[in-house]
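Quick note on labels: first sequence line is chain A, next is B, and so on, each numbered from 1. All values below come from the heavy atoms of this structure, side chains included, with hydrogens, waters and symmetry mates left out.
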Number of protein chains: 2
Amino acid sequence: MSCHLPLLATLHAQGLRRTPQRTVIVEQLCHNRGHLTAERVFRLASRHLPALNIATVYRTLETLRAAQVVTAFVTPDGLTEYELRRPEVRHHHLRCRRCGGEWVLPGPPVERLRSQIVNAHQFHPDLDHLVLTGLCAKCAGGATPRSTQAG
Amino acid sequence: MSCHLPLLATLHAQGLRRTPQRTVIVEQLCHNRGHLTAERVFRLASRHLPALNIATVYRTLETLRAAQVVTAFVTPDGLTEYELRRPEVRHHHLRCRRCGGEWVLPGPPVERLRSQIVNAHQFHPDLDHLVLTGLCAKCAGGATPRSTQAG
DNA sequence: ATCGTAGTTGCAAGGAGTCGCAACTACGAT
DNA sequence: ATCGTAGTTGCGACTCCTTGCAACTACGAT
């Protein structure tokens, strides 16, 4: 069962159109789990819909984000990346700025930070999806990180 | 005593030139504490050096960052901001995405997160200077945040 | 003081992302 | 099935930031 149909239904339920462009973009997001830049989405999607325009890709990704179908986040490098939204799986990423390796950071440590911020400052931080760059153990001169590779 | 002279000396000690452009840019960073976008640096500095070119500003800020005179960071909005580097004062920012208000988050909670990541994953995250967006107490419908206003 | 040269600049072109508009079309009503 | 219309697209122009290059110059050696 394709995963894009319920997502398109979500759009439709919000009064938004299920255009071929949006369909193919959502399909690619389903087929290529993990983070995708807009450019990559464009390249993947335009194989199936050659007349697709890059401006449409950006707009569609923004529409999907606003519709909470997709999560968009800015990496510390200043790149915007997109990922299908999985609200029940709150996770973060550790990304090595030297080798590019990436690991999943499970939710609890960041949740503790969130709690501390809420309690001490009554501030509600957007901490659903963090990408933290740094150096992995190997590049920093040590052993392998212990968490799972990112997916 | 102007703060820009020792900073320019730092550049010089690294084999880099103390040009008038760099001087005026560093002066503005000293006079205008807090976060500055490249555009704002450009506007401030070009009052003193009208022929200054925006490309030079970007390059100079990057040079200053590489020389560890300046900290550069990408906000969750995707904007790059710069701040004089003060390694002995490790701090972070809470910025309200609705009202734009900004508060300082002192170091310890993030340090605890860092320790947890290092211990569990042998990953050394870049956590010297975080900007966390979210909703302040007022915009989220509560009382005022308790930490100091950002400076 | 002059000189040589490598670091740096201004400039124009280029790339990534955004925006406004005319043309197109998804889709609910009939 | 057709129709009307508001949502959406492709396109070209625009903005912000980056890049390559010729010209300039900071500065160490003399």
Fill in: Among dG7(C), dG7(D), dG10(C), the one nearest R17(A) by side-chain distance
dG7(D)
Worksheet item: If only side-chain N and O atoms of T56(A) are considered, is one of them under 4.0 Å from the OP1 or OP2 phosphate oxygen of dT8(D)?
Response: no
Worksheet entry | Nearest to side-chain heavy atoms of R59(B), which nucleotide of dT9(D), dC11(C), dT8(C) | dC11(C)
Item to complete: Inspect the contact between R114(A) and D128(A) and indicate whether a charged nitrogen and a carboxylate oxygen are less than 4.0 angstrom apart.
Response: yes
Discussion item. Please confirm whether the shortest side-chain N or O distance from Q21(A) to OP1 or OP2 of dG10(D) is below 4.0 Å.
Written reply: yes
Worksheet entry | Rounded distance (Å) that lies between atom P of dT18(D) and atom CD of E62(B) | 9 Å
Fill in: Residues E62(B), R59(B): salt bridge by 4.0 Å N-O rule
no
Worksheet item: When the distance from CG of L8(A) to P of dA26(C) is rounded to whole Å, what number comes out?
Response: 13 Å
Item to complete: If dT5(D) has a Watson-Crick or G-U wobble mate with both distances under 3.5 Å, name it; if not, just say none.
Response: dA26(C)
Discussion item. Need the pair for dT19(D). Rule: Watson-Crick or G-U wobble, both distances under 3.5 Å, any strand; none if unpaired.
Written reply: dA12(C)
Discussion item. From the set dG7(D), dT9(C), dG28(C), return the single nucleotide nearest to any side-chain atom of T60(B).
Written reply: dT9(C)
Worksheet entry | Sub-2.5 Å SG contact, C30(B) and C3(B) | yes
Practice prompt. May I have the distance from H12(A) (atom NE2) to dG7(D) (atom P), rounded to whole angstrom?
Written response: 12 Å
Item to complete: Choose from dA6(D), dA26(D), dA12(C) the nucleotide whose nearest atom is closest to any side-chain atom of A55(B).
Response: dA12(C)
Worksheet item: Any side-chain heavy atom of L7(B) within less than 4.5 Å of one from L11(B)?
Response: no
Worksheet entry | Closest listed nucleotide, where the reference is the side chain of R18(B) and the choices are dT18(D), dT8(C), dC27(D) | dC27(D)
Worksheet, complete the sentence: Partner of dG20(C) under the Watson-Crick or G-U wobble criteria, both distances under 3.5 Å, comes out as dC11(D)
